[in-house]
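I have placed the structure first, in the form of structure tokens, so that the comments after it can refer back to it.
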Number of protein chains: 2
Amino acid sequence: MAVTIHDVAKLAGVNSSTVSRVLNGKATITPDTKERVYAAMRELDYHPNSLARSLASGLSGAIGVVVDARDAEAFSNVFFSRSLFAIEKVAQARGYQVIIANGAQSRGGTIEGLMKEHKVDGLILPPTTVKPALMKTIGDFPYVVLGTPDTLRSDTCWVDNNNEQGAEMAVRHLQKMGYQQIAYLGGYQKRGFTKRRVRGYQNVSSGKETILSTDGTSENAYAEAVRELKKESHADAFVCNDNLAAFGLLKACRELRLRIPDDIGIVAFDNYPLAEYVDPPLTIVDIDTAMLGEQTAQLLFRRIENGGGSQQIMLSTSLVIRASSERRKK
Amino acid sequence: MAVTIHDVAKLAGVNSSTVSRVLNGKATITPDTKERVYAAMRELDYHPNSLARSLASGLSGAIGVVVDARDAEAFSNVFFSRSLFAIEKVAQARGYQVIIANGAQSRGGTIEGLMKEHKVDGLILPPTTVKPALMKTIGDFPYVVLGTPDTLRSDTCWVDNNNEQGAEMAVRHLQKMGYQQIAYLGGYQKRGFTKRRVRGYQNVSSGKETILSTDGTSENAYAEAVRELKKESHADAFVCNDNLAAFGLLKACRELRLRIPDDIGIVAFDNYPLAEYVDPPLTIVDIDTAMLGEQTAQLLFRRIENGGGSQQIMLSTSLVIRASSERRKK
DNA sequence: ATCAATCATGCAATCGGTTGCACGATCAAT
DNA sequence: ATTGATCGTGCAACCGATTGCATGATTGAT
């Protein structure tokens, strides 16, 4: 098989425990010995077997990122992949591996397996998985929720962007641009983040409240938008739950010959790469996904290392103003 | 610590090796004993330590998916995430973990580490990483390239979609719709898949060949498109290297008041979720990313298990015809 | 009834590291 | 010079599984 610590030890003329100590820098070793060991490692192209290492130390050296996706779309969710990128970056800097696992099909089994079979030292979970049953089996295993769990427990760590504030900001912006009747379009109402966005919308909306829920698809958003826009006194601006909803709305406006931003104003959540390339470019409530991922990973590592207290981090969103909400004249 | 195989053995009144055999179903065990062991496992909520298992068996039970991403965008590449979803699905069905790793910053080190430190049993690599130096260190370690490597070696396994055929199909379709002067827009020419798409374009293009390379951004595609469309006798149709290029082109057409599909025909590669929601909906060379991921993973597992011969899989693309190429009148 | 073949299970080595304890060597202080 | 503290390294147990070999029990054939 491959080169082991014993081969290195023999070549360097020391005991394997010494090699181990050199490897981990955990003890005082004579510079001379250290050099001989390094030389032997180099000569043999030694790579420590991480499995043996993990077994002995009781640490897998990996963290798990759980996704809750029934179909491929959720996986290719820009939000998810960008955060994942940041998570991987933080993990790599610490010499940790990132394991991704889809928790959708196996109610809790995936997560439990990762944990109890010692495959990971910590977990990043989606809010949808945080249910009492899981919390019981998870015990004091280190985990951080990426998003806000529906059932709040003070000892749960989570990192999220401030959806409520984001929606408030969107509505205020539209109001300032002179729109009178602002509606909320899109989003599956059972999802926590949608609820919070809607709440933000309700907090500051002044006119009639119109909330058009969808199943999350563009098609559905399109249909709802058409229905609304055909009414006698319809909304003159929309806060869209995501880019997909905004695209459905754009299509509806085109068909009904409503001009944006003159007749209809639009602000949408999430900054898709294409949002600024549609006609007109979309005003966006931008979520700092990189920061989200980074903070989540760092919080997790803090918990893994210190076991330390729980913490919740809420990141602010920012508004990227583009043509879709810039009414030229009142 | 946690429950071990010995605890189970003691409770069931057998030796730990018997428990192991029950666990793995590798030997004949009396139904009675088997039941006692299962009962003990259930009672103690036993979960085998995968680290110990891996060490003993020499198999990590994980595969690595390497990404070559400098920025978050490449990671959130729809192509990548959809394939990843399919890969994870296949892996989960076999009880394997999926480790993702960004190979961008550490020339080869990441891949070598995953391999030599026994963190994974096999690798899925992007074509960009397949260079002679890596091939030497990788030896006969199981790996499959997702995409076509630039430097072809007959013993390299890879899975890719047929980009050349896809481009040919796009051009032929535009020709049939009556477009005379078809250009190719977008794509960084050094990338293998872009080269192959351009080659397909060249194979069947009849009129003047116009190849407009970009740096991959929409902005750049927009600029190139504007430059082309301002010429005296400009192209009347474009095959776009991806959706981003198509979006740049759409913007250029809007500004120059060129109508699609009457004045300009468009076919683009990759079926982004938004492609059918722009105006007009885009005709697309569709890549079956799910199949791509699935085939890649399955090929990898075949190699891990049999060590078997090398194989190359080329998947066909299909054309999804929408309004952007359907010229109403000649 | 006898013997060989097969079955069920235990024993102990092994996978490749880590780490507490022990011990001789070195060093500083008196 | 003596003594106690500190340093550098080896020994061996241990992490929690797997697996080849051995053994006693059971089975079937003659």
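Naming: A, B, ... by sequence-line order, numbering from 1 per chain. Both backbone and side-chain heavy atoms feed into the values below; hydrogens, waters and symmetry mates do not.
Counting non-hydrogen atoms of neighbouring residues, nucleotides and ligands closer than 6.0 angstrom, the CG atom of A/D140 reaches no more than 12 such neighbours. Around atom CZ of B/R302, more than 12 heavy atoms belonging to other residues, nucleotides or ligands sit under 6.0 Å away.
For the pair B/Y46/B/D7, no side-chain contact is recorded, criterion being any heavy-atom separation below 4.5 Å from C-beta on. With a 4.5 Å cut-off on side-chain heavy atoms, A/T289 and A/F85 do not count as touching. Residues A/V145 and A/Y143 have side chains in contact (heavy-atom distance under 4.5 Å, counting atoms from C-beta outward).
Residue pairs meeting the salt bridge (charged side-chain N to carboxylate O under 4.0 Å, His left out) criterion with at least one member in residues 43-66 of chain B, sequence neighbours excluded: A/K116-B/D45. Listed by first and then second residue, the salt bridge (charged side-chain N to carboxylate O under 4.0 Å, His left out) pairs that reach into residues 23-32 of chain B are B/D32-B/R36, sequence neighbours excluded.
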Is there any protein nitrogen or oxygen under 3.5 Å from a nitrogen or oxygen in nucleotides 6-8 of chain C, and what are the pairs?
| residue | atom | partner | partner atom | Å |
| --- | --- | --- | --- | --- |
| C/dA8 | OP2 | B/T28 | OG1 | 2.4 |
| C/dA8 | O3' | B/T30 | OG1 | 2.7 |

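Summarising the geometry, the separation between CG on A/D7 and P on C/dG16 is reported as 9 Å, rounded to the nearest angstrom. Protein atom NE2 of B/H47 is 20 Å distant from nucleotide atom P of D/dC15, rounded to whole Å. The distance from atom CG of A/L59 to atom P of C/dG17 is 17 Å, rounded to the nearest whole Å. Rounded to an integer number of Å, the gap from A/H6 NE2 to C/dT14 C1' is 10 Å. In this structure, A/D32 atom CG and D/dC7 atom C1' are separated by 15 Å, rounded to whole Å. In this structure, A/E117 places its CD atom 17 Å from C1' of D/dC15, rounding to the nearest Å. Nucleotide C/dT18 holds its C1' atom 8 Å from the CD1 atom of A/I5, rounded to whole Å. As rounded to whole Å, 12 Å separates atom P of C/dG17 from atom CG of A/L55.
Annotation: the span from B/L11 atom CG to B/L44 atom CG amounts to 5.0 Å, rounded to 0.5 Å.
Judged by distance alone, the side chains of A/D68 and A/T129 never bring a donor and an acceptor atom under 3.5 Å apart. Donor-acceptor pairing under 3.5 Å is recorded for the side chains of A/D121 and A/S60.
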Which parts of nucleotides 23-29 of chain D does protein reach within less than 4.0 Å, heavy atoms only, written one letter per nucleotide 5' to 3' as B for base, S for sugar-phosphate only and - for none? -------

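When all heavy atoms of A/N102 and B/Q92 are compared, the closest pair comes out as O-NE2, 3.2 Å. Of all non-hydrogen atoms in A/Q312 and A/T156, the two that sit nearest each other are NE2-O, 2.6 Å. When all heavy atoms of B/A91 and B/V98 are compared, the pair lying nearest together is CB-CG2, 3.6 Å.
Here the side chain of A/S17 is nearest to one of C/dG10, D/dC11, C/dG17, namely D/dC11. For A/V14, counting side-chain heavy atoms from C-beta on, the closest listed nucleotide (C/dG10, D/dA17, D/dG10) is D/dG10.
A heavy-atom distance below 4.0 Å to DNA chain D is reached by none of the residues of residues 38-46 of chain A. DNA chain C is contacted by A/S20, A/R21, A/N24 of residues 18-26 of chain A, taking any non-hydrogen atom closer than 4.0 Å.
Remark: A/N15 is in phosphate contact with D/dC11, judged by side-chain N or O atoms under 4.0 Å from OP1 or OP2.
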